[in-house]
Participant: 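Please see the structure below; I have some questions.
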Amino acid sequence: SGGSTWRSPTTAADFSSHDYADFAQEFLRRNEDYGRDHGATERRISGHPPSAKTEQEGLARRWGLSFPLSTDALPAAVPAHWSPERLATTILVEGSPGQFTALLPDETRTLAALETAENRQLIYNCGNIRLRVCISRVPDRREPAFVVPADAAAPIRLNAAQQLIALQAGRSTAFSRPPFVPTPYHRRQLARLLAIADAARAGAAARDIAFGIVFPNTRLGTGRDWKGSNEQRQTRRLTREAERMIDGGFWRLPCFAPK
């Protein structure tokens, strides 16, 4: 990711600021079915430009997005607009965008914005916290209001709103460990799965992946030592896990609404 080869020692650093939604984007953009669907959609649009809106909406809906994501898009520069219904860390707000923007801390930076007929979806960065907001326009509302549907995602949405309130009050975080941001350990795990997936797809042998990524501080043994070793079994297990995450396992990340 980020232009690094799979052997690059800086690969893990490419994910240092990712939240769970960013990691989901990394897995989705590696999904070959999504890549084919995206490419086919672009070709249909090229052949019939008036169909662009309908085609883009269909592609986004099929993959839990509000707008199609380029497979080249890196979260740090082009974060994905996930469907607010699927991404439970999206803060749902009723009111006007102007009213809401006035509530944000001064250091807040807008990373991405998406206008639809029904709402405005925004991705902000405030300090080291990424906020994802969907504002439904209600012109006659005097003050913006949080909306938390009474469903299985309610606890996650409440946590996201609580984080915003803490930032408004000048506190960097509302939690000692924000539930929608990976712990350092889980961040390393997810970054390692992405590195393993990239290496496997680049044609790296399991043994190279084992001692280049999974066990970088372990001395390389003989071929006899490798065959049937714990290192081999662990590497193959992690390779399968990386592929499962790419093939839709990312939907189980704790930023998404439970099904």
Side-chain angles (χ1 to χ4, degrees), residues 1-30 73-80 82 87-91 105 107-109 111-112 123-132 153 155-167 169-200 209-218 230-231 234-235 237-246 249-258:
S1 176
S4 301
T5 68
W6 73 266
R7 291 183 181 274
S8 171
T10 62
T11 297
D14 292 339
F15 310 110
S16 61
S17 62
H18 279 35
D19 62 7
Y20 281 120
D22 291 330
F23 274 111
Q25 178 177 344
E26 294 283 5
F27 288 114
L28 176 62
R29 72 187 193 87
R30 288 166 169 80
L74 300 176
V78 188
W82 295 97
L87 185 65
T89 53
T90 303
I91 303 170
E107 64 271 23
T108 302
R109 183 165 57 95
L111 300 179
I123 303 174
Y124 297 108
N125 193 72
C126 185
N128 62 346
I129 299 293
R130 189 160 284 195
L131 299 171
R132 300 163 195 271
I156 306 174
R157 295 198 191 279
L158 286 168
N159 283 334
Q162 188 177 350
Q163 177 62 75
L164 173 58
I165 292 169
L167 291 169
R171 302 192 305 275
S172 60
T173 180
F175 311 93
S176 58
R177 183 178 296 170
F180 40 83
V181 177
T183 64
Y185 173 73
H186 200 199
R187 186 185 304 279
R188 289 192 298 272
Q189 283 186 313
L190 292 169
R192 183 172 65 172
L193 290 177
L194 289 166
I196 289 170
D198 289 345
I209 294 173
F211 297 105
I213 299 173
V214 184
F215 303 100
N217 299 318
T218 301
N230 177 64
E231 287 85 357
Q234 179 81 334
T235 299
R237 181 186 68 79
L238 289 171
T239 301
R240 291 192 297 270
E241 183 180 348
E243 286 303 317
R244 284 195 296 268
M245 288 294 289
I246 290 170
F250 62 84
W251 288 116
R252 295 192 297 272
L253 290 172
C255 58
F256 291 111

Participant: Report the distance from atom OH of Tyr124 to atom CG of Leu167, rounding to the nearest 0.5 Å.
Facilitator: 12.5 Å
Participant: Using atom types as modelled and distance alone, determine if a side-chain donor or acceptor of Gln163 lies under 3.5 Å from a backbone N or O of Leu131.
Facilitator: no
Participant: Are side-chain heavy atoms of Arg30 and Asp198 found at a separation under 4.5 Å?
Facilitator: yes
Participant: Once you round to the nearest 0.5 Å, how far does CD1 of Ile91 lie from CD1 of Ile156?
Facilitator: 13.0 Å
Participant: Is the closest side-chain heavy-atom distance between Pro79 and Arg130 below 4.5 Å?
Facilitator: yes
Participant: Hey, are the side chains of Leu193 and Glu241 touching, using non-hydrogen atoms and a 4.5 Å cut-off?
Facilitator: yes
Participant: Quick one: does any side-chain atom of Arg187 pair with a main-chain N or O of His18 as donor and acceptor, under 3.5 Å?
Facilitator: yes
Participant: Looking only at atom types and distance, does a side-chain atom of Gln25 sit under 3.5 Å from a main-chain N or O of Val78, one as donor and one as acceptor?
Facilitator: yes
Participant: Less than 4.5 Å apart, side chain to side chain, heavy atoms only: is that true for Tyr20 and His186?
Facilitator: yes
Participant: Measure the CD1-CD distance between Ile196 and Glu243 for me, rounded to the nearest 0.5 Å.
Facilitator: 10.5 Å
Participant: In terms of relative ring orientation, are Trp82 and Phe256 parallel, tilted or perpendicular, with 30° and 60° separating the classes?
Facilitator: perpendicular
Participant: Quick one: list whatever passes salt bridge (charged side-chain N to carboxylate O under 4.0 Å, His left out) with Arg192, sequence neighbours left out.
Facilitator: none
Participant: Less than 4.5 Å apart, side chain to side chain, heavy atoms only: is that true for Leu74 and Arg29?
Facilitator: yes
Participant: Measuring from Phe23:CZ to Leu190:CG, what's the distance to the nearest 0.5 Å?
Facilitator: 5.0 Å
Participant: Within the side chain of Asp22, is there an N or O that forms a donor-acceptor pair under 3.5 Å with the backbone of Asp19?
Facilitator: yes
